[in-house]
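Scroll down for the structure; my scribbles are underneath it.
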Amino acid sequence: MNQDELKEAVARAALAYVVEGRVVGVGTGSTARKFIDALAEMKDRIPGALASSEDTRKRLEAHGIRVFDLNEVESFPVYIDGADEVDRRLRMIKGGGGALTREKIVAAVAEKFVCIVDRSKYVETLGKFPLPVEVVPMARAYVARELARLGGEPCLREGFVTDNGNLILDVGKLGIDDPVETETRINQIAGVVSNGLFALRRADVCLLGTEDGVRTIEAE
Ligand code: 5RP
């Protein structure tokens, strides 16, 4: 199976986690898009969805799935999203699509986070994928200097503006020995909106697409 087929397989497997009669949180990216297309088959059994980006909102609505405002929803059972990297403790790097802040917000409200990835995303140690950091535009240069002081190599994502009107710095060469510590530390830099480490709120379940089928990994 190629990567696209593995993404398709995990997206379909995630349907088993959707709770009928309840809204479902939906992530962003190519794997999440496949999930949305699969979700359309059961759209009459859910009241609607919560979107983690404008891209996701548009695709859900194109399928006739109602998109709720998160402020109208106090709790919901499950959030389903891809990742750029996930480790065996189900901590992740996300934000390759630039939607990290809204993804983090929707994931924070969800009772359960189901991460859907192909096997190429499953890593021993997080950090080969440059860490996306969303920054307020006026703080771009300052935040870049602070990230360099932490040993990272920040690079502005050219021509990209987030759904929140901010910029993304992709930070290479960060040694992420302690993901919770790194996530917390970067969040404390003035001008940082959020960073793509999902360690404080990691996934509860990972559906991993492999040649031998979809493996289910539960958080330790
Ligand atoms: C978007 C994300 C995505 O989940 C991540 O980039 C993975 O994307 P894909 O499913 O296209 O590989 O965090 O901000």
Side-chain angles (χ1 to χ4, degrees), residues 1-15 17 24-39 49-60 70 78-87 90-108 110 112-123 126-135 155-172 176 179 183 186 192-210 214 217:
M1 278 202 273
N2 62 32
Q3 192 181 30
D4 212 50
E5 290 165 334
L6 294 175
K7 287 182 180 187
E8 183 93 40
V10 292
R12 294 207 68 80
L15 289 181
Y17 289 84
V24 56
V26 184
T28 298
S30 58
T31 318
R33 281 199 287 278
K34 289 183 187 300
F35 171 69
I36 296 168
D37 296 346
L39 184 67
L50 293 159
S52 60
S53 65
E54 288 305 306
D55 189 67
T56 291
R57 181 183 62 74
K58 285 184 195 140
R59 200 172 186 98
L60 286 163
L70 184 62
V78 66
Y79 175 66
I80 295 170
D81 196 0
D84 300 299
E85 286 184 346
V86 56
D87 72 7
L90 306 193
R91 301 171 299 194
M92 298 163 283
I93 286 184
K94 292 182 43 56
L100 58 152
T101 299
R102 293 192 187 192
E103 290 172 339
K104 223 171 232 200
I105 294 168
V106 182
K112 180 181 278 189
F113 187 143
V114 177
C115 170
I116 50 174
V117 287
D118 66 85
R119 58 159 196 272
S120 69
K121 311 285 187 67
Y122 195 58
V123 300
L126 298 175
K128 193 165 172 208
F129 190 91
L131 180 68
V133 178
E134 179 164 352
V135 297
C155 179
L156 179 67
R157 197 177 294 185
E158 291 290 345
F160 186 86
V161 177
T162 70
D163 286 344
N164 314 309
N166 296 313
L167 304 174
I168 298 280
L169 294 170
D170 291 302
V171 192
I176 306 179
E183 180 177 358
I186 293 176
V192 167
V193 178
S194 72
N195 72 80
L197 269 168
F198 282 60
L200 292 161
R201 203 290 175 244
R202 59 188 175 145
D204 301 290
V205 177
C206 174
L207 301 178
L208 184 70
T210 76
V214 176
I217 304 167

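For this chain, numbers begin at 1 and follow the sequence in order. As the structure is a computational prediction, the values presented were derived from the model and not from experiment. Both counts, for ligands and for their atoms, begin at 1 and track the order of listing.
Near ligand 1, residues Lys7, Thr28, Gly29, Ser30, Thr31, Asp81, Gly82, Ala83, Asp84, Lys94, Gly95, Gly96, Gly97, Gly98, Ala99, Glu103, Lys121 come within 4.0 angstrom through at least one heavy atom.
Panel note: side chain Glu54, backbone Asp163; no donor-acceptor pair is recorded below 3.5 Å. The backbone N or O of Gln3 lies less than 3.5 Å from no partner atom in the side chain of Asp118, so there is not a single donor-acceptor pair. Side-chain atoms of Lys94 do not come within 3.5 Å of backbone N or O of Leu197 as any donor-acceptor pair.
Contact check on Arg202 versus Asp87 returns no salt bridge, with no Lys/Arg side-chain nitrogen under 4.0 Å from an Asp/Glu carboxylate oxygen. One finds no salt bridge joining Arg201 and Glu103 here, because no Lys/Arg side-chain nitrogen approaches an Asp/Glu carboxylate oxygen to under 4.0 Å.
A cation-pi arrangement is absent between Lys112 and Tyr17 under the rule of less than 6.0 angstrom and at most 45 degrees off the ring axis.
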